[in-house]
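All values below come from the heavy atoms of this structure, side chains included, with hydrogens, waters and symmetry mates left out.
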Amino acid sequence: MATNTWVVRRRVGTEYNGDDIPDPADQYWAAFETEAAAVGHARALDRAEMLVNGTTAKVFEKGFAGATTLPEFALRDWMLDRDIPVPDGSTITDWRLWWTRMRKADRPVSRDQIRVVLEALNKMPLHAYEVVKLPVGEPDPPAGVVYAVVHQHWQFDDCNYRGANDALAAFRTRAGAEAEIARRQEADRKADEQARRSINYVGWNGGPDEYVIVELPVNPEG
């Protein structure tokens, strides 16, 4: 019986300005029964993003072992066998400069060759997407979808918004997710009433916290 699920969401900054706040349904993509499956899916989305928009990911920040399962000589052979230019040297600095050149607009390789490069960099750190672990709030077996409860409250701070769209838990049924929202809203109401009785209460015009349900397809591993 699974007690957790792993959801893939598009990574956004920790601060938002006005219209930059994403809709939760657009930010969250899918749920998985294992972390490995979720990370694999996130990596595939990352690679697709890089093919379209390029990337500023620091691929070799943690050395070769943090970017690929291939040793340096095998990575070099992989590229040369596919007519992809490689750095003259073998240091991490050489490969970092090489990656910078690969992702520039005037890169010396085709889109198909970039796809091959990304296949070799199979441990590349996630850049545009991330994986979030959520507790599953109901014991029922997976039914093809989960319902994620997302905290859609933004804390106003000098024209910036922080803490938007944090996923809190996942449920096998919509009714379970709706019950969780009702529970949280009641807890928020009681906390607000208690705060108002405090002598230090200065008021808050941001409105109550908001929660939404995002329906996500479950993609079991295997």
Side-chain angles (χ1 to χ4, degrees), residues 5-17 19-133 160 162 164-165 167 216-222:
T5 189
W6 286 262
V7 299
V8 175
R9 69 179 179 186
R10 183 168 179 79
R11 192 189 301 275
V12 295
T14 57
E15 295 187 350
Y16 309 88
N17 289 306
D19 295 336
D20 292 338
I21 301 170
D23 187 294
D26 295 331
Q27 185 180 357
Y28 287 84
W29 288 64
F32 295 81
E33 293 301 308
T34 68
E35 184 178 13
V39 171
H41 185 69
R43 289 192 190 283
L45 291 173
D46 250 20
R47 293 187 179 102
E49 176 88 5
M50 291 176 190
L51 285 172
V52 175
N53 299 322
T55 180
T56 57
K58 297 179 179 179
V59 173
F60 292 100
E61 185 175 21
K62 296 183 179 180
F64 290 113
T68 177
T69 56
L70 299 174
E72 191 272 339
F73 74 88
L75 179 63
R76 179 178 293 273
D77 289 345
W78 171 284
M79 303 301 172
L80 291 175
D81 289 345
R82 292 157 178 82
D83 297 322
I84 298 172
V86 296
D88 294 332
S90 297
T91 69
I92 287 298
T93 298
D94 293 327
W95 281 95
R96 286 173 180 165
L97 293 174
W98 169 85
W99 173 248
T100 300
R101 179 75 189 283
M102 287 297 103
R103 64 178 178 81
K104 286 185 177 293
D106 61 344
R107 58 194 179 196
V109 294
S110 67
R111 183 180 294 269
D112 287 339
Q113 286 175 312
I114 281 290
R115 185 176 288 108
V116 169
V117 169
L118 295 177
E119 289 176 9
L121 300 176
N122 56 1
K123 290 180 65 178
M124 186 164 48
L126 293 175
H127 176 67
Y129 294 84
E130 61 185 343
V131 173
V132 180
K133 179 182 177 181
N160 289 321
R162 298 182 299 168
N165 296 351
L216 299 171
V218 175
N219 294 267
E221 186 176 27

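Under the rule for a side chain to side chain contact (heavy atoms under 4.5 Å, CB included), the partners of Asp112 that lie at least two apart in sequence or sit in another chain are Ser110, Arg115. By the ring pair (Phe, Tyr, Trp, His ring centres under 6.0 Å) test, Tyr28 pairs with no residue at all, sequence neighbours left out. Residues forming a ring pair (Phe, Tyr, Trp, His ring centres under 6.0 Å) with Trp78 (at least two apart in sequence, or on another chain): none. Residues passing the salt bridge (charged side-chain N to carboxylate O under 4.0 Å, His left out) test with Arg76, sequence neighbours excluded: Glu72. Not counting sequence neighbours, the partners of Asp23 by the side chain to side chain contact (heavy atoms under 4.5 Å, CB included) test are Ala25, Asp26. With sequence neighbours excluded, the residues forming a side chain to side chain contact (heavy atoms under 4.5 Å, CB included) with Ala67 are Val59, Phe60, Leu121, listed by chain and number.
Checking side-chain atoms of Thr68 against main-chain N and O of Ala120 turns up a donor-acceptor pair under 3.5 Å. Side-chain atoms of Asn219 do not come within 3.5 Å of backbone N or O of Phe32 as any donor-acceptor pair. In this structure a side-chain-to-backbone donor-acceptor pair under 3.5 Å is missing from Asn122 to Glu119.
Around CG of Asp88, the count of heavy atoms belonging to other residues, nucleotides or ligands within 6.0 Å does not exceed 12.
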Any chance you could lay out the salt bridge (Lys or Arg N to Asp or Glu O under 4.0 Å) test for Lys133 and Glu35, step after step, and finish with the verdict? CA-CA 8 Å; Lys133 179 182 177 181; Glu35 184 178 13; over 6 Å; no

Show your working on side chain to side chain donor-acceptor pair (under 3.5 Å) between Arg10 and Tyr129 and close with a plain yes or no. CA-CA 4 Å; Arg10 183 168 179 79; Tyr129 294 84; 3.3 Å; yes

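Within the 4.5 Å cutoff, no side-chain heavy atoms of Thr100 are placed close to those of Arg96. Between Trp29 and Leu216, every side-chain heavy-atom pair lies at or beyond the 4.5 Å cut-off.
Leu45 CG to His127 NE2: the interatomic distance, rounded to the nearest 0.5 Å, is 13.5 Å. For the atom pair CE of Met124 and CG of Leu118, the computed distance is 5.0 Å after rounding to the nearest 0.5 Å. Of the inter-residue distances, the one linking Leu75 atom CG with Leu80 atom CG reads 9.5 Å to the nearest 0.5 angstrom.
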